[in-house]
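Chain letters run A, B, ... following the sequence lines, proteins first, then strands; residues in each count from 1.
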There are 2 protein chains.
Amino acid sequence: MTEATRTSAATLHDVAREAGVSLATASRSINGSTRKVNEELRQRVLLAADKLGYVANQSAQAIAKGSASTVALVVSDIADPYFSTMASGVIRGAEEARLLVTMAMTERSAERELELVRALRGGRPRVLVLTGSRFAGTELEASLVKELTAYEETGGTVVIVSQRSLPFDTVQIDNLAGARDLARALVDQGYRRFAAFTGVSSLLTSSDRLQGFRDGLGEFGLALDDDRVYRTDFTRDGGIAAVDAMLDDGIDDIDCVFAVNDVMAIGALSRLRDRGVSVPDDIAIAGFDDIDTARDVTPALTTVRLPLADVGAEAIHLALTADQRTSVATVTIGGDVVLRASTPRRA
Amino acid sequence: MTEATRTSAATLHDVAREAGVSLATASRSINGSTRKVNEELRQRVLLAADKLGYVANQSAQAIAKGSASTVALVVSDIADPYFSTMASGVIRGAEEARLLVTMAMTERSAERELELVRALRGGRPRVLVLTGSRFAGTELEASLVKELTAYEETGGTVVIVSQRSLPFDTVQIDNLAGARDLARALVDQGYRRFAAFTGVSSLLTSSDRLQGFRDGLGEFGLALDDDRVYRTDFTRDGGIAAVDAMLDDGIDDIDCVFAVNDVMAIGALSRLRDRGVSVPDDIAIAGFDDIDTARDVTPALTTVRLPLADVGAEAIHLALTADQRTSVATVTIGGDVVLRASTPRRA
DNA sequence: GCGCGCTGGGAAAACGTTATCCAAGACGCT
DNA sequence: AGCGTCTTGGATAACGTTTTCCCAGCGCGC
């Protein structure tokens with residue numbers, strides 16, 4: 001841009017020369033090290049750096065040190081509040097450890113996820129956080145695990161959010177318990193006949209929540225009819241599609257819908273209104289996650305509150321304490337049922 | 001994790017040795033170059049790379065090439081849908097150019113913004129995208145501009161989103177026209193007496209929208225009383241605080257509120273409901289941005305639709321075509337008024 | 001049959017750091 | 001005085017790539 005002189009950035013060399021010291025001393029002064037350096041020299045170096053507008057080249061540092069001061073983060077879709085809230089926690093956590101975050105989006109494709117892990121590996125990040133993984137049980141699982149294992153063998157730490165039984169550090173969201181508690185609460189509110197909106201089965205988040213919900217109903221001798229489980233996308237549009245499918249089947253025998261996440265629930269809410277079905281008079285609805293929007297829609301959405309930002313921060317914390325352990329760790333984070341107007345007590 | 005053998009990652013050297021060729025040939029085969037390489041050798045190299053699970057070290061490439069294949073993105077808060085939607089566009093745009101995105105959050109602090117730009121500069125990114133900047137008119141402006149200029153002199157490209165009159169490429173959101181159009185539309189709907197919720201004045205996005213709104217009202221001989229401009233945070237909580245302040249003043253002389261962005265409007269909506277004020281019966285409300293949630297709240301929010309993901313993608317596109325120009329460029333993206341139930345036609 | 005341009009492989013020099021040595025001086029002890 | 005032992009600055013060798021040379025082989029025109 002502009003036809004300005006394209007000089008190259010000041011290097012540590014320049015700083016050292018300017019300050020009249022050696023490269024080593026300059027490096028030690030600026031980045032600190034175990035070695036002490038004479039205070040006067042140090043000041044000279046700092047001054048020179050400031051004067052030249054020197055900023056250390058992170059790539060060079062990374063290559064000299066063997067790994068970058070970086071966290072790689074994989075999300076399905078950063079525009080989805082579930083991931084953006086989690087990402088904000090990851091970024092905050094990384095920042096505390098003076099790590100920068102590089103982010104990639106899978107757009108909800110397992111193939112893409114594999115590609116991205118490979119690509120991100122190239123950055124030699126200290127930590128690799130995987131969220132929204134959807135390879136479980138697919139034929140890609142082996143390749144992904146191989147890739148991740150190879151990465152860890154080179155000194156990095158993998159943290160997976162909400163995907164159990166993989167030999168990596170895991171921040172487990174207690175989807176089973178959360179959904180079970182929600183089912184209990186809904187039954188307690190007087191609901192008996194349920195439908196569910198869910199995503200593809202390779203998404204453990206989705207299938208776990210469904211399972212937990214079934215477990216909860218089971219405690220009361222209730223069941224979720226397979227015909228009443230609508231399997232669509234894990235998105236707002238998925239919720240819309242599910243409503244359409246459900247209305248085709250009729251809702252006379254349904255008094256409450258469980259959508260496995262809030263964005264689906266909110267899409268459903270909107271679609272139900274458009275199609276003239278009143279929530280909660282004609283049918284109640286509950287979601288999962290407690291994204292910000294959940295309390296802003298009308299009726300406000302009953303859901304399971306998840307501290308998503310904390311989940312992100314915890315992922316980083318877990319990774320950064322990995323070297324103090326000898327085996328993988330799992331942190332489980334639970335959610336709390338939040339009853340709101342979308343599921344009032346039933347007469 | 002696990003006490004596995006911590007080997008170091010396969011290097012190009014290893015690949016070359018495995019394939020029985022020189023380093024140069026291996027590099028040329030894998031990364032392509034202007035030079036041709038014998039097809040058989042090339043296959044050997046590719047095979048070896050695959051066998052060893054080789055992934056090029058990006059830091060090494062960056063340092064050899066002089067700059068990283070990276071886009072640095074600064075946002076105020078990734079959990080805010082305004083930024084997360086824009087970020088998704090940036091990531092998508094970057095991806096098309098095979099660039100990875102590293103992201104940092106200012107948490108809405110101008111000081112932090114300056115620090116982050118410095119830090120990000122260290123990564124020698126090809127492009128530096130600044131969104132949500134709030135240094136305009138502050139004493140930090142000069143330092144920031146200096147930093148950015150220095151960055152561009154080393155070959156990078158700065159793109160600023162929605163901050164005019166700075167000597168860098170800019171994706172301008174036409175906040176003035178959008179707000180003016182909104183004002184016209186609201187007057188056309190029958191509203192006459194307005195209040196506004198806005199952010200701090202160093203946020204141009206905020207002050208421009210207010211100004212545009214004023215301009216629009218002016219065309220009808222209407223004005224926005226200074227006492228009725230509530231200056232709070234650019235967030236959901238800001239909207240809540242503004243409602244409280246406004247209600248203290250009374251709303252008998254107000255028939256419509258303009259919140260300079262949707263998240264404030266939605267916070268306000270929620271607070272108004274809590275305080276027993278009916279929207280739109282007692283007071284109408286309009287926002288700006290058209291974030292996803294705007295259509296999901298009740299009443300659905302009148303707003304100005306901005307193609308935020310496109311804005312992000314355009315920022316990258318602009319940066320990547322910078323070398324074909326000799327001077328800075330500005331792309332202006334406009335918004336369309338979307339009338340919804342929060343501002344019905346007034347009797 | 002001989003120079004000459006072209007092709008494509010390999011050696012080696014960057015790139016900007018950090019870390020490992022080495023040397024020289026200061027200091028304490030006998 | 002002689003001799004270890006610290007301390008601290010400076011050379012220099014990594015780190016993993018790309019890229020610039022150099023050079024050998026080969027086809028080709030005269």
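- In this structure, the nucleotide among C:dT17, D:dG16, C:dT18 sitting nearest to the side chain of A:Lys65 is C:dT18.
- For A:Leu41, taking side-chain heavy atoms from C-beta onward, the closest of the listed nucleotides D:dG9, D:dT17, C:dT17 is D:dG9.
- One atom, CG of B:Leu12, and another, P of D:dG16, lie 11 Å apart when rounded to the nearest Å.
- Rounded to whole Å, atom P of D:dT12 lies 12 Å from atom NE2 of A:His13.
- Checked against D:dT17, D:dG16, D:dG9, the side chain of B:Tyr54 finds its nearest nucleotide in D:dT17.
- Distance, A:Ile63 CD1 to C:dA19 P: 13 Å, rounded to whole Å.
- Going from atom CG of B:Leu144 over to atom CD of B:Glu113 covers 5.5 Å, rounded to the nearest 0.5 Å.
- When distances are taken from the side chain of A:Gln61 to each of D:dG9, C:dT18, D:dT8, the shortest belongs to C:dT18.
- Between B:Ser22 and C:dG10 there is a side-chain polar atom (N or O) within less than 4.0 angstrom of OP1 or OP2.
- No hydrogens or angles considered: a donor-acceptor pair under 3.5 Å links the side chains of A:Ser67 and A:Arg126.
- Here the side chain of B:Val21 is nearest to one of C:dG10, C:dA19, D:dG9, namely C:dG10.
- We find that CD of A:Gln43 is positioned 13 Å from P of D:dG9, with the value rounded to whole Å.
- No side-chain donor-acceptor contact under 3.5 Å links A:Ser27 to the backbone of A:Leu23.
- Taking atom CD on A:Gln58 and atom C1' on C:dT17, their separation rounds to 12 Å, with Å as the unit.
- Of the candidate nucleotides D:dT8, C:dT17, C:dG10, C:dG10 has the atom nearest to the side chain of B:Ala24.
- Nearest to the side-chain atoms of B:Leu23 among the listed nucleotides C:dG8, D:dG9, D:dT18 stands D:dT18.
- Side-chain atoms of A:Thr11 lie closest to C:dT17 of the nucleotides D:dG9, D:dT18, C:dT17.
- The shortest distance between the side-chain N/O atoms of A:Asn31 and the OP1/OP2 oxygens of C:dT18 is below 4.0 Å.
- Residue A:Ser27 has a polar side-chain atom (N or O) positioned under 4.0 Å from OP1 or OP2 of C:dT18.
- A straight line from CZ of A:Arg35 to C1' of D:dT7 spans 8 Å, rounded to a whole angstrom.
- Residues A:Thr106 and A:Ser109 have side chains that never bring a donor and an acceptor to within less than 3.5 angstrom of each other.
- At distances below 3.5 Å, not a single donor-acceptor pair connects side-chain atoms of A:Arg98 with backbone N or O atoms of A:Glu95.
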